[in-house]
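Beneath this line is the structure, given in structure tokens, with notes to follow.
Naming convention: chains lettered A, B, ... in sequence-line order (proteins, then strands); numbering from 1 in each chain.
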Number of protein chains: 2
Amino acid sequence: MTARAAQTSPRKRAGNGAARQHDADEIGLDALVGHAGYAVRRFQIWIFQDFIRTLGDVDIRPTQYSVLTVIGANPGLSQMAVAKRLGIERARLVHLLDSLEQRKLVKRVKSKEDRRSHALHLTAQGETALAKFKRLAAEHERNVEAKIGRENREQLLRILAGFT
Amino acid sequence: MTARAAQTSPRKRAGNGAARQHDADEIGLDALVGHAGYAVRRFQIWIFQDFIRTLGDVDIRPTQYSVLTVIGANPGLSQMAVAKRLGIERARLVHLLDSLEQRKLVKRVKSKEDRRSHALHLTAQGETALAKFKRLAAEHERNVEAKIGRENREQLLRILAGFT
DNA sequence: GGAAGATTGTTGTTGACGACAACAATTGGC
DNA sequence: GCCAATTGTTGTCGTCAACAACAATCTTCC
């Protein structure tokens, strides 16, 4: 509280040269408050941690989930197409797919039309697994709703719809 | 457009086994739409890239800026206090401060009260530099406003205020 | 038809970042 | 005074974005 009051003149070197104890949660952020990026970053960290925790039993991370979802909804896509759509580097997608293919969730099929590219498909096992992942992801989404409120979550989705 | 229509039954394997060309931006996201985490992640990437670009001339990244800001507003803090306040690992903060100290923006002063800890201060050079960084950060914030709109940015800050 | 340039998947490197574990120095509880 | 906790530091590991280079293949252009 005293710290919060003291910040009315944040530039000055606080007068008391001898250190005063800051009680950890009364440390001012000054200019950081009012920066959208800072709030978004902290929120994104929280939301990813909850996602990873909620899907911990099935060992699926957010990026893996996004890849599986896009392939499931658009079978036959090339790696480039998936990478572009999700904003992932194609170099990075290689490792992601290596992992998912080892786990028999995804298969790379040589494309007949363009022999450079691979057509991506879910395996049968991948289809049923994804269904389970989606149920868990929905549970995670309910956690988000519980954290920030139903109304706020919907406004958030509306505001950021352009980035999806 | 055709792809968007086809997604009304997204589960099915799209009928046409032979690959159909997806025109890159008509690829469906299926369950990803409606996930707050995905939108937030994409937005966070955009916002950080703009921050890094806008402060490219002074070579300051978002995390460095947050550290400088907190130290500037609360001189004399220990490394633990800064790390806790910003949600940074204290191990990570060591490297951040090494870099900032090399650039003569921050100094670590041995604390008299607790000889384990360091009191963190901006150098004179650091103070003037931070003032410049704040001007550039404000410019970045105006870019955010231009991207999502003034109203939406304010709602976003309000919704996520609890995470700062 | 064939050379030149672009695209696709792959491998590798770099650096920022979060998480975790261990350690020495120091502090504080008892 | 002794034992537990804290602080800064070092190190490792894994995720992730950004590049660069490469072989195979496709496309364009002459």
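The side-chain contact (heavy atoms from CB on, under 4.5 Å) test with B:Leu86 is passed by exactly one of B:Thr69, B:Leu93, B:Val67: B:Val67.
Per the geometry, CD belonging to A:Glu113 stands 14 Å off C1' belonging to C:dT8, to the nearest Å. What separates CD of A:Glu89 from P of C:dT8 is a distance of 14 Å, to the nearest Å. Spacing between atom CZ of A:Arg92 and atom C1' of D:dC16 amounts to 5 Å, rounded to whole angstrom units. When the P atom of D:dT27 is taken as reference, atom CG of A:Asp114 falls 6 Å away, rounded to whole Å. The interatomic distance linking A:Gln44 (CD) with C:dA16 (C1') rounds to 14 Å, in whole Å. To the nearest angstrom, P of D:dC13 lies 18 Å from NE2 of A:His95. Note: CD1 (A:Ile45) to P (D:dT15) measures 17 Å, nearest angstrom. Distance A:Arg90 CZ to C:dG12 P: 16 Å, rounded to the nearest Å.
Using a 4.0 Å cut-off between a side-chain N of Lys or Arg and a carboxylate O of Asp or Glu, B:Arg108 and B:Asp98 qualify as a salt bridge. Using a 4.0 Å cut-off between charged nitrogen and carboxylate oxygen, A:Glu154 and A:Arg158 do not count as a salt-bridge pair.
Aromatic rings of B:Tyr65 and B:Phe133 (six-membered ring for Trp) have centroids beyond the 6.0 Å cut-off, not under it.
Look at B:Arg116 and you won't find any side-chain N or O under 4.0 angstrom from OP1 or OP2 of C:dA25. Of the side-chain N and O atoms in B:Arg108, none sit less than 4.0 angstrom from OP1 or OP2 of D:dT7. OP1 or OP2 of C:dC17 sits under 4.0 Å from a side-chain N or O of B:Arg61. In this structure, B:Arg41 reaches the D:dA17 phosphate: one of its side-chain N or O atoms is under 4.0 Å from OP1 or OP2. Distances shorter than 4.0 Å separate some side-chain N or O of A:Thr63 from OP1 or OP2 on D:dC16.
In the set D:dT7, C:dT10, D:dT9, the nucleotide with an atom closest to the side chain of B:Ser117 is D:dT7. Closest to the B:Gln79 side chain, of the nucleotides C:dG18, D:dC16, D:dG8, is D:dG8.
Mapping A:Ala91 and A:Lys112 onto DNA chain D by nearest heavy atom places A:Ala91 at the nucleotide closer to the 5' end. Both A:Leu96 and A:Arg115 sit near DNA chain D, but only A:Leu96 has its closest nucleotide nearer the 5' end.
When heavy atoms are screened at a 4.0 angstrom cut-off, A:Gln49 is found touching the sugar-phosphate backbone but no base atom.
Remark: the A:Ser111 side chain and the A:Glu113 side chain contain an N/O donor-acceptor pair separated by less than 3.5 Å.
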